[in-house]
Structure formats: structure tokens, C-alpha cells
Amino acid sequence: MKIYIIPIIVMLGMLFASCESDYLDKMAESDGYDDAAVFQDSVNFKNFNDKLIVTPLLKRHRNDTRPLGDFDDVSDNSISGADWTGVPSVLAATGDFYSMRTADPAVMANNGTWSRIWSLVRVANVCIKNIDQYPGSVKSRNRILGTSYFFRGYCYFELTRRWGGMPYFYKPIGADENMDVPRLSYQETMLLAAADLDSAAMYLEPVIAESDWGRPTQVAALAFKAKALVYAASEFATMQPGARNDLWDDAALAADEAIRLAEANDYGLAPIDKYYYIFKENEEEVYTKEILYGRRYDHTWGSNSYKQRYRPPGQLSGQYATAPNQTLVDCFEMQATGLPVSDPASGYNPQDPYAGRDPRFAESIIRNQQVVMGRTMQIFDKDETKTPATFGSTDLVYTAGQVSMGYTKTGYYNNKWMGRTFNANLDMHYPEIRMSEVYLLFAEAANEAWASPTQRNTACKYSAEEAVNIVRTRAQMPDVASKFLNKDDFRERVRNERRVELCFEDNRLFDIRRWYIAHLPENRDIWKMEIAKVAKDATHPTGFRYTPRLYKQRVFEERHYLFVIKLDDTNIGPNFKQNPGW
């Protein structure tokens, strides 16, 4: 297909232009290129391989306005405060995934991301093809080979969970080769990605120097292998014709292997009082131990990425920000009981809704009256203590009876990507996968594979229940209640735990798609908390009246379970087909 050849030639040229190395003046795919100059020189070969490291697979916290909100804004977790046509959350809410393919801010699903991922597949394949020419040490050779296998598997994982099953290329495709290649199934591609990640683990080291953070490790490779197998075992994959339904055991054993290796090499969960530092600022002993693979991003106070994408308008001097869904807020349980807020025994008071919640709530969500950067956030729709009543507040401004653009439409803002200091720059660390997720991957797979969440397979270190409770204990939450310790109820608790622990880390959309539940109203629509300032009384102990309301009915159809593939590439021939419904 054209995407594997011509666009990659152009992209490699752009990548090389940013590096200070003489051989980079000659592109690897251009006329007159001498491969010996790259692959028989250890420094040049390593520089070539480093394209996999220095080029972001997915441009998340880049220093501009894309994607005008959070990646979770195209799921049921949140929406962007920006609401004009072309904003990814607006397109997704209306079901216009077709336009997302050419929308520049839609970096989670557009043609540019599609092309960039394929370009990295080619770089990995070029490295693997030429590894026998490498003249350096065995240790550095293994690092190149492990990095290449890791990125080929990781790229295919990201391609597949976005666009479905793909042809799996083990070598760079020549211009004279057949480009009309049939697509494999979703499950088949995930299994091959898992095999590549397993190969990567054979060559990579379990621990790397802090100065090398951002490179893949053996632990990261095994963690992603487990994640790919969980996707291969999930409902969306297994409902396809010819799919296997016996992969949960493999997924659980893979996650157990990753957990054992990680724990043996001093990876683990940061204490709750350090939870903030997993994602922000420079406490290396915190984030390098929990984030198994990720990237750093530095943002000045005035940068578009910080000001326009995450920081709320009002007292925090932002512009658009991300507005979490009330259904996400409801997933944070009561700390004293460990029960969902919907449970009558939980202790939840709907008129004092934020008291006594899971400590991760304050770390992830900004709500009315929360202190952020030394400012008490005023996020209420109406002040009924005044006569006549007035609409809006300092951090939720109304214009002509409507919420002004940029301000939250749901009553909340995202706190996970917010710093603690006003007018200060912020260093972020974005986890592509971290230790808490590996425990949750194991818990999900083990619960599906074996008879009960309390049953421990003799080959594994933990039961499904124990693995989830490791994550909950770190959060200072009680163990999963005994009434949920059956397969069906525990499945829902694991899914809830993923939504809470991993919110705003680009997992939610793919979770509800792989579970085949994204079309259901409870996993589709956006709810808000309507907040009115009132006189304090026994009914309203906080001086506010809280009323949940449906804000937006989002559109999610069967065809939305996969994104639209770049049209040029589906026109190569009859074998490489567009996704169903597009």
C-alpha cells in the first residue's frame, strides 16, 4: 500500500532533518543511498534506531492546541470546553468520526497519526533487516533489536485498537512489491503484536538508567504483551468470525509474568501522598518506578498545551479545559465503605456529594469549592441567595443564559494534568503503561479465565481479587466488598477500577470498544451536575443544591467501533478493505 512506501520516504526525510549527523543528509529510501554508511557504522545505526524513541507515536501533550482537550474527550469520560466544529469531542459526540480522519486536532485518529505509526513500523523493520551489519557490542546490538521489536509490536497494537486488524509486515516493503495485501483480523493482529513484544523482552534489560527513561525495557515489553493479549481476548475481538475464545488464560499468565519481573526489579506503586508526582514534576524516584513506559513533556505556563487544553478559565487563567462526565465522577466510591455511590449502604449524601470520596477523586477531578493553586474554585450555575438570582460564577461564566465557551458544561474540570503552583511551568510524565494497569490487566484476565476472583492459579502470584486490592490499598480504599466476589459482579468492579485509576490516560475509549459496550447509553452520554448556591440548611449542608442532569446524548453506532482508515490506502486494491460502515 502506498502508505508503507511514499509517505514514509517523506517522513524519514523530515525526521532526519532534525538530527545532527552527516549521514542523515541521505535519506534511507532515496536514490544514491549507501546503506553501509548507516548500518555498518555503530553510531549511525543507533541514531537511525533512535527515530523510534525521539518521534512520538502519538502526540499527546504536544505544545500546541491539539487536540483541544484530552484524548478521553472522544469517549464518555469527558468533553472539551471548546465547542466549535472540528474539535474532536464535538465530532465524536455527533458521530462524525468520518471528519476526524482529516481534522488536524483529532490526533488520536486522523490520517497524520495513521501515517506516522506506519512510518515507525518501517523504521523498526529496516533496523531488524539490517541488524547483522551492526558492528557494535552485543549489548548495544540487543538494545537496537529489542527496541525495534518493541516498537513494531507497540505500533501494531495502537494501529489495531484504532483501525482494526492489519497486514503484519516483517520487512520493509519494496516499491516493486504487491501493496494490495489482505487485512488480518483484529485478534490475529493483536496476537502477532504480543509475539513481537515477547521477542522484544528477550533483548531488552529490565531496568535502565534514569537518564534513559523513555526507552522501552523488558518489563515494559512484557506489560504491553499482556495488554495486547487482553485486547485479543476481549469481547470485540472474540465476536469476529473465526476468533478464538480461549485467550484469557494466556493473558493472565502474561500479566503475571510482567508483574513478577517488575516487582523483582523494584517497580511498584507510589504511595497515595505521592500520587501527584507519578504524573507531574520531577520526583524521579516516584514516576520512574510506577510508569513502565512513558514520555516527558515540559510546558510553560503560557503554552497552548497547558493554557488552552487543560487549565480552566476563570481563576486559573486557562481557556478551554476538559470537562469530566458526571458518570465518571460517580465511579469514585466512598472511602469509608468502599462501596459505589449508588449503593444505599455506601454512606453517600447526594447533597454533600464530594465528602468522603476515594482520594483519587481530588487528584483527578476539580469540583466546586475545591482549593486548586491556592484558589477556591467557584463552579456553580446559579446563585439563589441573591435577589434576583444570578447565573454563573467565577469559574463557570454564563453569557446570555448559556455557559460561555471554554467553561465547563458538566460542573467539573480535569485535575490530573494540572500543577499545584499558579503561574509556574509544569513538567508532565505521560504513562503509556504503568504498574497499576498491569495489576488491573491481570485481575481482568484472571477473573475471566478462572472460576472465581478469589481463586489463585498455582502458576500465578496473585488472585484476581488480590491484584485489584493492591491498587485499591495504595489509594487507601477498602478491599473489594465480599458481595462483589463473584465473576460477573467482580468484572464490573474491575472495569470501574480501570476507569477511576486510569482516567485521562487514553484508555477509556478503547476499553468500552473492546468490551463492546460503547453504544450503550450509560457508556455513551454526557451528564452534568447542575449546581445552585442556596442557604445552608439540613437538606443542603454545603450551601449548594446538587442536581444531576443529562447534558448531551452522544452518537455511537456500530461502525464507530473502529476509526476510518485513510481513504487513499483503501483504494490501492480490493484486498485491503475499509472498515465496515465507512
Side-chain angles (χ1 to χ4, degrees), residues 77 223 226-227 230 252 255-256 258-260 262-263 267-279 286-287 289-292 327-343 345-348 354-365 415-416 431 433-448 450 452-456 460-505 507-508 511 515:
N77 263 1
K227 190 167 184 174
V230 166
D256 174 75
I259 289 168
R260 287 175 181 270
E263 292 181 345
Y267 293 96
L269 304 185
I272 193 62
D273 63 341
K274 296 288 188 180
Y275 195 77
Y276 169 90
Y277 296 103
I278 299 169
F279 311 102
V286 176
Y287 71 84
K289 294 301 182 184
E290 177 151 349
I291 298 178
L292 304 180
T327 63
L328 169 61
V329 171
D330 290 343
C331 289
F332 291 85
E333 300 167 348
M334 299 300 293
Q335 187 176 22
T337 61
L339 295 174
V341 298
S342 59
D343 192 313
S346 68
Y348 176 69
Y354 312 124
R357 302 291 285 273
D358 183 327
R360 291 171 292 185
F361 176 72
E363 296 288 347
S364 305
I365 309 288
N415 202 30
K416 184 166 270 189
I433 195 163
R434 56 189 176 97
M435 194 67 192
S436 59
E437 184 178 10
V438 185
Y439 288 120
L440 295 176
L441 290 169
F442 173 81
E444 179 180 352
N447 182 58
E448 300 298 336
W450 303 314
S452 164
T454 62
Q455 177 178 323
R456 185 189 302 175
C460 296
K461 186 172 182 178
Y462 301 111
S463 67
E465 176 197 17
E466 289 169 333
V468 166
N469 287 337
I470 289 171
V471 178
R472 293 175 65 85
T473 297
R474 183 270 290 281
Q476 297 183 344
M477 290 294 292
D479 290 351
V480 175
S482 58
K483 65 181 178 180
F484 299 128
L485 296 181
N486 60 79
K487 190 171 186 177
D488 291 342
D489 287 336
F490 189 79
R491 178 187 300 120
E492 296 308 312
R493 299 327 304 154
V494 173
R495 291 180 177 185
N496 189 84
E497 199 70 29
R498 282 187 64 84
R499 193 175 186 185
V500 166
E501 175 68 20
L502 304 175
C503 64
F504 309 121
E505 296 177 42
N507 281 287
R508 179 62 180 173
D511 279 346
W515 294 328

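Since the model is a prediction, treat every value here as computed from it, not as a measurement. Note that these values count all heavy atoms, side chains included, but never hydrogens, waters or copies made by symmetry.
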Would you sort out whether Ser452 and Phe490 count as a side chain to side chain contact (heavy atoms under 4.5 Å, CB included), showing the intermediate values? CA-CA 9 Å; Ser452 164; Phe490 189 79; over 6 Å; no

Salt bridge check, [Y] against [X]: does any charged N sit closer than 4.0 Å to a carboxylate O?
{"X": "Arg508", "Y": "Asp511", "value": "no"}
{"X": "Arg260", "Y": "Asp256", "value": "yes"}
{"X": "Glu466", "Y": "Lys461", "value": "no"}
{"X": "Lys483", "Y": "Asp343", "value": "yes"}
{"X": "Arg472", "Y": "Glu333", "value": "yes"}
{"X": "Arg495", "Y": "Glu444", "value": "no"}

Nearest atoms (heavy-atom pairs only) where [X] meets [Y]:
{"X": "Lys416", "Y": "Glu501", "result": "NZ-O, 3.3 Å"}
{"X": "Ala443", "Y": "Ala467", "result": "CB-CB, 4.2 Å"}
{"X": "Ala270", "Y": "Val286", "result": "CB-CG1, 3.7 Å"}
{"X": "Ala336", "Y": "Pro478", "result": "O-CG, 4.1 Å"}
{"X": "Ser436", "Y": "Leu269", "result": "N-CD2, 3.5 Å"}
{"X": "Thr337", "Y": "Ala345", "result": "CG2-O, 3.8 Å"}

Just by distance, no angles: are the side chains of Thr327 and Arg499 close enough, under 3.5 Å, to form a donor-acceptor pair? yes

Applying side-chain hydrogen bond (donor to acceptor under 3.5 Å, both in side chains), run through Glu465 and Thr454 and close with a yes or a no. CA-CA 6 Å; Glu465 176 197 17; Thr454 62; 5.4 Å; no

Output yes when a side-chain donor or acceptor of Ser463 lies under 3.5 Å from a complementary backbone atom of Arg456, and no otherwise. no

Could you tell me whether a side-chain N or O of Asn77 sits under 3.5 Å from a main-chain N or O of Cys503, the two making a donor and an acceptor? no

Mind checking whether [X] and [Y] have side chains closer than 4.5 Å, heavy atoms only?
{"X": "Asn507", "Y": "Arg498", "value": "yes"}
{"X": "Ser342", "Y": "Tyr348", "value": "no"}
{"X": "Arg474", "Y": "Glu290", "value": "yes"}
{"X": "Ile272", "Y": "Pro359", "value": "yes"}
{"X": "Val471", "Y": "Arg360", "value": "yes"}
{"X": "Ile433", "Y": "Lys227", "value": "yes"}
{"X": "Val494", "Y": "Phe442", "value": "no"}
{"X": "Phe504", "Y": "Leu328", "value": "yes"}

Quick check with a 6.0 Å cut-off and a 45 degree axis cone: is Arg357 positioned over the face of Phe361's six-membered ring? yes

SG on Cys331 to CG on Asn496, rounded to 0.5 Å: 4.5 Å

